[in-house]
**Q** 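Following this message is one structure expressed as structure tokens.
Convention: sequence-line order gives letters A, B, ...; per-chain numbering from 1.
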2 protein chains.
Amino acid sequence: MKELLNIFKALSDKTRLRIIKLLEHGELCVCDIVAALEMVQPKVSFHLRVLKKAGLIKDRKQGKWMHYRLDESDIFKRFVTVSVIEKISDTMVKEDYERLERFMKNKSEGLEATTSKNRCCV
Amino acid sequence: MKELLNIFKALSDKTRLRIIKLLEHGELCVCDIVAALEMVQPKVSFHLRVLKKAGLIKDRKQGKWMHYRLDESDIFKRFVTVSVIEKISDTMVKEDYERLERFMKNKSEGLEATTSKNRCCV
DNA sequence: ATAATATATAAAACATTATTTATATAAATT
DNA sequence: AATTTATATAAATAATGTTTTATATATTAT
């Protein structure tokens with residue numbers, strides 16, 4: 001019962017639903033999410049931790065970047081997250097994605113302009 | 001998105017999951033739930049209100065009693081509540097049900113002993 | 001009519017969560 | 001080596017949610 005409670009608690013916050021919705025588009029690093037949601041980084045990290053504790057997302061460290069993705073290994077959790085994804089049709093979610101796309105585009109363009117690796121989320 | 005949030009918020013409390021689990025056994029009045037959970041009545045009423053606001057349960061007034069039941073009209077909500085019901089296998093939930101049964105039994109015995117209608121949840 | 005009962009609601013106290021601000025850590029760059 | 005960058009964590013504050021206690025309302029019983 002405690003595990004189930006943690007899942008529902010994790011899903012009962014708007015910011016976290018927005019993050020789940022973003023991760024539907026694939027693995028993202030913290031700075032991607034920060035850019036998409038226009039929130040300060042510790043806030044995003046806090047919510048990522050809650051989602052991870054509930055077992056809804058997984059992380060992967062690569063250099064100084066931390067990448068997060070949906071954990072779809074558990075059928076129940078997967079259903080719940082898919083339900084979330086299906087049910088949310090929110091202006092805010094659309095805007096999050098637009099910001100994400102813009103941010104990702106800038107990143108890749110920046111990459112072309114220089115060979116530096118000291119750039120966010122390369 | 002707000003509706004979905006309300007559903008998850010409603011499900012992210014132990015007392016409310018216990019109530020949902022009890023209502024699986026059929027419609028109950030407030031005093032049944034109070035007896036089963038061994039909680040004070042305003043507390044139970046508070047949680048019933050949260051569940052109702054989220055659209056997870058429906059109520060029906062009969063005399064001075066208020067009866068609550070699961071609202072299974074919405075497929076998504078139904079799935080979620082069924083998931084809850086399936087996932088919870090908790091000692092506490094078993095005890096809740098035992099208390100409910102004892103309470104219901106006493107009620108029906110009391111009913112046989114007298115013709116009075118001024119008795120809880122007749 | 002008066003009393004008793006079932007439930008709801010409001011206010012206060014309490015507990016949990018979320019947000020901000022500041023700082024720490026570790027990796028990559030210069 | 002010193003600096004910058006990405007992220008995490010801790011402490012303080014703010015916001016929400018829950019529980020308790022007291023009271024109100026409506027229905028039934030006497």
**Q** Whole angstrom is fine here: how far is it from NZ in Lys43(B) over to C1' in dT7(C)?
**A** 17 Å
**Q** Using only side-chain N and O atoms of Ser45(B), determine if any of them is under 4.0 Å from OP1 or OP2 of dA8(C).
**A** yes
**Q** Within the pair Tyr68(B) and dA6(C), is there a side-chain N or O less than 4.0 Å away from OP1 or OP2?
**A** no
**Q** Met66(A) has a side chain; which of dT7(C), dA8(D), dT19(C) sits nearest to it?
**A** dA8(D)
**Q** How many Å lie between CD1 on Ile19(B) and C1' on dT18(D), as a whole number?
**A** 13 Å
**Q** With rounding to the nearest 0.5 Å, note down the distance linking CG in Leu4(A) to OG in Ser12(B).
**A** 10.5 Å
**Q** In whole Å, I'd like the distance from the CZ atom of Phe46(B) to the P atom of dC14(C).
**A** 17 Å
**Q** Backbone N or O of Lys9(A) within a donor-acceptor pair of the Arg16(A) side chain at under 3.5 Å?
**A** yes
**Q** Starting from the 5' end of DNA chain C, give me the residue, Arg16(A) or Pro42(A), whose nearest nucleotide shows up first.
**A** Arg16(A)
**Q** The test is side-chain contact (heavy atoms from CB on, under 4.5 Å); show your working for Met39(A) and Val34(A) and say whether it passes.
**A** CA-CA 5 Å; Met39(A) 288 175 184; Val34(A) 165; 5.8 Å; no
**Q** When you measure from the side-chain N and O atoms of Lys9(A) to the phosphate of dT17(C), is any distance below 4.0 Å, counting only OP1 and OP2?
**A** yes
**Q** Please report the closest heavy-atom contact between Leu11(B) and Leu17(B), naming both atoms and the distance.
**A** O-CD2, 3.4 Å
**Q** To the nearest Å, give me how far apart CD (Gln62(A)) and C1' (dA27(C)) are.
**A** 12 Å
**Q** Mapping Lys61(A) and Val50(A) onto DNA chain C by nearest heavy atom, which one lands closer to the 5' end?
**A** Val50(A)
**Q** Side-chain N or O of Lys64(B) less than 4.0 angstrom from OP1 or OP2 on dA26(D)?
**A** no
**Q** From CG of Asp59(B) over to P of dT9(C), roughly how many Å is that when rounded to an integer?
**A** 10 Å
**Q** Given atom CE of Met39(A) and atom P of dA18(C), what is their separation to the nearest angstrom?
**A** 12 Å
**Q** Find the distance Asp32(B):CG to dT7(C):P and express it as a whole number of Å.
**A** 8 Å
**Q** Using only side-chain N and O atoms of His67(A), determine if any of them is under 4.0 Å from OP1 or OP2 of dA6(D).
**A** no
**Q** If you pin Arg49(A) and Gly63(B) to their nearest nucleotides in DNA chain D, which one's is more 5'?
**A** Arg49(A)
**Q** Measure the distance from CG on Asn6(B) to C1' on dG17(D) and round it to the nearest whole Å.
**A** 13 Å
**Q** Using the side-chain contact (heavy atoms from CB on, under 4.5 Å) rule, pick out the option among Arg69(B), Lys52(B), Glu27(B) that qualifies with Ile57(B).
**A** Lys52(B)
**Q** Using a distance-only criterion (donor-acceptor N/O pair, under 3.5 Å, no hydrogens), is the base of dA8(C) paired with the side chain of Gln41(B)?
**A** yes
